[in-house]
Amino acid sequence: MQGKTHVVVGVAASVLLLRPVDAASFAATAAAGAVGGLLPDVDLLKSNGSKEISTCAAVVFVAAAALALVDRVAPYGLLEFLAPSTGSLCLPGAVWLFVLIAFGVSRPHREFTHSLAFCALAAAGIFVSCPSGAAPATIGILSHLVLDVLNGRGMALFWPVKKRACLGFCSSGGAVDAGLRLAASVAIVLYVLAWLGLVRF
């Protein structure tokens, strides 16, 4: 699937499953879900597909920076919500994530970073470095794996086992890809409208 689809689906999955109830938790959940949705594709950074992943990463980073800036100007609790509560474990957790990502970048596409092992290891690192972001980021990573297993290209879901998982249901950039992205976008908008009390279900 395309990077933008992974971002939107990661946001939708994390928001709909965790159901944040205020602006700070919604923004934090959406941001962490977007990062998680994109994270497995860090293995594209050294390949020809790096342009799209770099663009998506830049958009997510700019959006997160804008939220942080707004929170500094008119505080509504986002930074407080995201603030690590693990004390001395914060730095080791961040280093652990850096090592995982560095190893993932060095591996072929759809291998280590597209595995359940990576999901579990990344979730542990996120939890000790930023506990409030662990659940939405993990949901985002899992949503990425679910989407990519639908693709016609196999991935090492059970790494280090070499056998690849593949359902061959769709292809990146195809109609299913676009449809999933649209459905996720609509779901996010409907959730926001329901949260604002503008629609009821």
Side-chain angles (χ1 to χ4, degrees), residues 1-45 47-67 70 78 109-110 113-116 118-119 122-123 133-155 157 164-201:
M1 299 296 178
Q2 294 183 313
K4 53 191 174 184
T5 302
H6 284 304
V7 170
V8 175
V9 172
V11 172
S14 60
V15 166
L16 294 177
L17 289 174
L18 298 176
R19 299 193 175 252
V21 295
D22 55 47
S25 59
F26 177 85
T29 298
V35 171
L38 199 58
L39 192 58
D41 273 349
V42 293
D43 58 10
L44 279 172
L45 290 176
S47 73
N48 291 332
S50 63
K51 184 176 180 180
E52 185 197 3
I53 190 70
S54 298
T55 301
C56 289
V59 170
V60 170
F61 176 80
V62 170
L67 285 172
V70 169
L78 173 61
H109 184 40
R110 294 172 177 267
T113 61
H114 285 67
S115 68
L116 294 174
F118 173 79
C119 181
T138 302
I139 291 171
I141 295 172
L142 287 172
S143 74
H144 188 116
L145 302 186
V146 169
L147 290 181
D148 273 4
V149 82
L150 298 176
N151 205 298
R153 299 165 58 192
M155 65 182 199
L157 185 63
R164 295 197 161 222
C166 171
L167 294 180
F169 180 67
C170 59
S171 61
S172 179
V176 174
D177 189 342
L180 288 170
R181 185 168 62 249
L182 176 61
S185 300
V186 170
I188 295 169
V189 171
L190 289 177
Y191 181 87
V192 172
L193 292 176
W195 176 60
L196 294 172
L198 299 177
V199 295
R200 291 185 179 182
F201 299 102

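Residue numbers run from 1 in the order of the sequence given. Owing to the predicted nature of the structure, the values given are computational and were not obtained by experimental measurement.
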* Asked: Rounded to the nearest 0.5 Å, how far does CG of Leu147 lie from CD of Gln2?
  -> 12.0 Å
* Can you tell if the side chain of Val9 reaches within under 4.5 Å of the side chain of Arg181, non-hydrogen atoms only? -> no
* Roughly how far apart are Leu39 CG and His114 NE2, rounded to 0.5 Å? -> 10.0 Å
* Structure fact -> Output for pair (Leu182 CG, Thr5 OG1), nearest 0.5 Å, gives 10.5 Å
* To do: For the residue pair His144 and His6, categorise the inter-ring angle as parallel (less than 30°), tilted (30 to 60°) or perpendicular (more than 60°).
  => parallel
* Asked: About how many Å separate OG of Ser14 and CD1 of Ile141, when rounded to the nearest 0.5 Å?
  -> 11.5 Å
* Asked: What closest approach, in Å, do Arg153 and Arg110 show between heavy atoms, and which atom pair accounts for it?
  -> O-NH1, 3.4 Å
* How far apart are the closest heavy atoms of Gly3 and Leu38, and which atoms are they? -> O-CD1, 4.0 Å
* **Closest non-hydrogen atom pair, Ala32 against Pro136** => CB-CG, 3.5 Å
* Going by heavy atoms in the side chains, are Thr113 and Asp41 under 4.5 Å from each other? -> no
* On the 0 to 90° scale, with breaks at 30° and 60°, tag the Phe26-Tyr191 ring pair as parallel, tilted or perpendicular. => parallel
* Distance (rounded to the nearest 0.5 Å) between Leu145 CG and Met155 CE -> 5.0 Å
* Main-chain N/O of Cys166 paired to Asn151 side chain as donor or acceptor, under 3.5 Å -> no
* State the NZ-OG distance between Lys4 and Ser185, to the nearest 0.5 angstrom. => 10.5 Å
* Can you tell which of Leu16, Val15, Leu17 makes a side chain to side chain contact (heavy atoms under 4.5 Å, CB included) with Ile139? -> Leu17
* Option among Leu167, Val176, Asp177 that satisfies the side chain to side chain contact (heavy atoms under 4.5 Å, CB included) test with Leu150 -> Leu167
* Asked: Val189 versus Leu193: any side-chain heavy-atom pair under 4.5 Å?
  -> yes
* For the student: nearest non-hydrogen atoms of Gly10 and Ser143, plus distance -> CA-OG, 3.6 Å
